[in-house]
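These numbers come from the heavy atoms of this one structure, side chains and all, not from hydrogens, waters or symmetry mates. Throughout, a chain's letter reflects where its sequence line sits, starting with A, and its residues are numbered from 1.
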2 protein chains.
Amino acid sequence: MARRSITKAAVTKAGTHVTAEDVARTLGVSQSTISRAFSMTASISDEMKLKVIKAANKLGYQPNVIARSLITRRTNMVAIVMANLVDPFYPVVLDELVQQVQSRGFQTLLFVPSPGQDVDDIMPNLLQYQVDAIVLTSATISSAMARICAARDTPVVSFNRYVPGLQIHAVSSDNIAGARQVADFLVATGHERPAFISGERDATTNRDRRNGFVSRLKQLKMNSCIQEEGGDFSYEAGYAATKRLLRRAGHPDALFFACDVMAIGGIDAARELGISVPEDISIVGYDDVPMAALPSYSLTTIRQPIREMAKAAVDVLDLAEPRGMKSGPTTRMIPGSLITRSSTMNRRAPVRVGKASRR
Amino acid sequence: MARRSITKAAVTKAGTHVTAEDVARTLGVSQSTISRAFSMTASISDEMKLKVIKAANKLGYQPNVIARSLITRRTNMVAIVMANLVDPFYPVVLDELVQQVQSRGFQTLLFVPSPGQDVDDIMPNLLQYQVDAIVLTSATISSAMARICAARDTPVVSFNRYVPGLQIHAVSSDNIAGARQVADFLVATGHERPAFISGERDATTNRDRRNGFVSRLKQLKMNSCIQEEGGDFSYEAGYAATKRLLRRAGHPDALFFACDVMAIGGIDAARELGISVPEDISIVGYDDVPMAALPSYSLTTIRQPIREMAKAAVDVLDLAEPRGMKSGPTTRMIPGSLITRSSTMNRRAPVRVGKASRR
DNA sequence: GACTAAATTGCATGCGTATGCAGACCATCC
DNA sequence: GGATGGTCTGCATACGCATGCAATTTAGTC
């Protein structure tokens, strides 16, 4: 007893790793039977199934999904790539996506590219994990990588961004339509010198919002839309761009920002310059992040229907379908809705009211 | 040719699932060699290694980490359980945790309990994935579950919350010390009627912050600390509690909230009541969420050193150690620091300044 | 050139599970 | 009673890779 021999029993005891084999042995049945007890489809008598479940609970047996994956070629894992967790828009997105994934019995493998790391760089790493599907948020992959995924029958959906030529799914809100709503709204409420402050220049979200806004203004016979480059979608970018813009002569009377966080930076910048919102200038964002509803900002914005978008994104992955039976690339655009708050005001009405009150 | 026979080649071609076996065949070597080419430790000639890597790239071969896990008994996955993604504190936490996990060559399996779901409910599900370690944020597990994890040699660390008797690791900021700093600061700046607004009543974070605050006030001979129950850590709770509190007679001159989000709700509530911050009342939060730095709130608060905490949390998991060689449960408390902004003011100095300016 | 030691490679096996196939068992019917 | 059909279970194998051991090659030495 002094010298310890490493027997199988000892190892099992130490590792406390209960396998189907162990359960089978205590019950005097085959391992197959244990497997079938935990399968939905396999044929097994209710009586036996119950016996197995009971024994499994007693021994603390849980099927090893890793081993299962090897055979079934499905890991029940969905990779979610989040390029950005800091912008308050994305935690909400992540939350909804994860809920959708989990509600379908899948789990989330989360990837956050380190600063300076491209999505293409982490894709190989990600594919090694044999995930059943991939969700990219605010990021795109190369067409070469898209082809690799297609060859592996691993569906990819791009959330909130799309690349026209790319053979992957895309779900996004209808940014063009949203931006048009903003244009309509600002014109209807008597604004005459609107400006657009862009975020990340080449992002489709940015381009669509700008183009939708500018082109709709033109349709409404308002040809001059000031444009200012923010550089990225951050608070700081919105703040800095607003300062630059408002220090120049010929103030706009309305600012439409590429996203809410920028707009909030814009509000703070305007206030610092002693320009009051909305009396002197109206401010509109895009996304409807939780912060936009706070009384201190009360930002008029376009609400992105995140829950619906997340549902659409996960739906399009066809998680229930076996490999090779997936549908072709789909693009879904989901319309947003204008949420009017007090960062904007009607510049027609106040004139009449003002006159009336002064008489 | 009309009838297609399902040969192995055909299947391989269709599935495009390249295995080590495939690479071995094209090179005329054994599968073991391929395996060794992708291992750090195994012995293989540089020449052969190069040949294998080249062939692997050409065929698009990537080792299947799932299959590897079956042998090595390590999945290189860390489960992170996030009970809350909405509070702006947690996206930052998640970001830092994921960075830490990834920088060690591990991946993150993210679990978000659905509303009404307990952490204990999802643990079995989580353990099935054979994760190498578990990080719980703002959540605790039962001692029974802790024992199961211990038996499996799966280290668990509780982030930002701890349960004294539980045999799991814990990393949190030193909430008692932080709250004491707030007490010291408020007294030093001449506040005389401080109040504490609590969040989730039984959370250790809440209890420690309240107790640290109240006990320190007593030490400083300030025996009356008003207390108000928020109920949870939300904006709404902070807002509602503040309204209740400030409508009653005998205003406090300083409010210390259990967390920043509540404090921000408190600021908005005070402003709505026409009570100005900080002139009429000082407001202090806890966490230093990004929002606290915005000019519209500019919240005095205790900064939690999230990066350091995340590093400590992942360090304590001993990811590099093989199973069975893990260290015993550790509790680490990391001190925070007071960040003074303009939601508080010195109630001693202004008197003098006021008199001076009026002379 | 022969021998030893070291480096490299192949062979065989196992990780824990799912599943096709065949056998065992039971009930039903003519 | 034998044949038929159906249900359930066990056997054997495979998933893709890592690794101990044996076989082989290479280098090094006298």
field: Euclidean distance, atom CG of residue Asn64(A) to atom C1' of dG16(C) [Å, nearest integer]
entry: 6 Å
Under-4.0 Å side-chain N/O to phosphate OP1/OP2 contact, Thr19(A) with dG16(C): no
message: From the set dC17(D), dT9(D), dA18(D), return the single nucleotide nearest to any side-chain atom of Ser43(A).
response: dT9(D)
task: Measure from the side-chain heavy atoms of Ile71(B) and tell me the nearest of dA18(C), dG14(C), dT9(D).
output: dG14(C)
message: Under a plain distance cut-off of 3.5 Å, with no hydrogens placed, do Asp120(B) and Ser142(B) share a side-chain donor-acceptor pair?
response: yes
Donor-acceptor pair present, Ser32(A) side chain and dC11(D) base, under 3.5 Å: yes
- request: Take the protein atom CG of Leu27(B) and the nucleotide atom P of dT8(C), then report the distance between them rounded to whole Å.
  value: 17 Å
statement: To the nearest 10 degrees, the angle between the two end axes of the helix from dG1(C)-dC30(D) to dC30(C)-dG1(D) (five pairs per end) comes to 40°
message: From the set dT9(D), dG16(C), dA18(C), return the single nucleotide nearest to any side-chain atom of Arg68(A).
response: dA18(C)
Heavy-atom check, side chain of Leu109(A) versus side chain of Leu126(A), under 4.5 Å: no
- prompt: So with a 6.0 Å cut-off around CZ of Arg332(A), is the heavy-atom count from everything else above 12?
  reply: no
Nearest-0.5 Å distance that lies between atom CG in Leu110(B) and atom OG1 in Thr108(A): 6.0 Å
message: Looking at Asp22(B) and Arg25(B), is any side-chain nitrogen of the basic one under 4.0 Å from a carboxylate oxygen of the acidic one?
response: yes
message: Without decimals, in angstroms, what is the distance between Tyr129(B) OH and dG16(C) P?
response: 18 Å
- prompt: When all nucleic acid strands are considered with a 4.0 Å heavy-atom cut-off, which category describes Val65(A): base, sugar-phosphate, or nothing?
  reply: nothing
- prompt: Tell me, do Gln130(B) and Ser69(B) make a side-chain contact under 4.5 Å, heavy atoms counted?
  reply: no
task: Check the distance between dT17(C)'s P and Asn76(A)'s CG and give it to me in whole angstrom.
output: 15 Å
task: May I have the distance from Asp46(B) (atom CG) to dT26(D) (atom C1'), rounded to whole angstrom?
output: 15 Å
query: Arg73(B) CZ to dG16(D) P: how many Å, rounded?
result: 20 Å
task: Could you pick out which residue, Gly28(B) or Leu70(B), lies toward the 5' side of DNA chain C when each is mapped onto its nearest nucleotide?
output: Gly28(B)
- request: For the side chain of Arg36(A), starting at C-beta, report the closest nucleotide among dC15(D), dG16(C), dG10(D).
  value: dG10(D)
task: Figure out the CZ/P separation between Arg74(A) and dC15(D), and round it to whole Å.
output: 18 Å
- request: By nearest nucleotide on DNA chain D, pick out whichever of Lys49(A) and Gln31(A) is the more 5' one.
  value: Lys49(A)
- prompt: Do the side chain of Ser45(A) and the base of dT7(D) come within less than 3.5 angstrom through a donor-acceptor pair of N or O atoms?
  reply: no
- request: Please report the closest heavy-atom contact between Thr33(A) and Ile44(A), naming both atoms and the distance.
  value: O-CD1, 3.7 Å
- prompt: Just how far, in rounded Å, is P of dG16(D) from CD1 of Ile66(A)?
  reply: 15 Å
query: Any side-chain heavy-atom pair from Val314(B) and Phe106(B) closer than 4.5 angstrom?
result: no
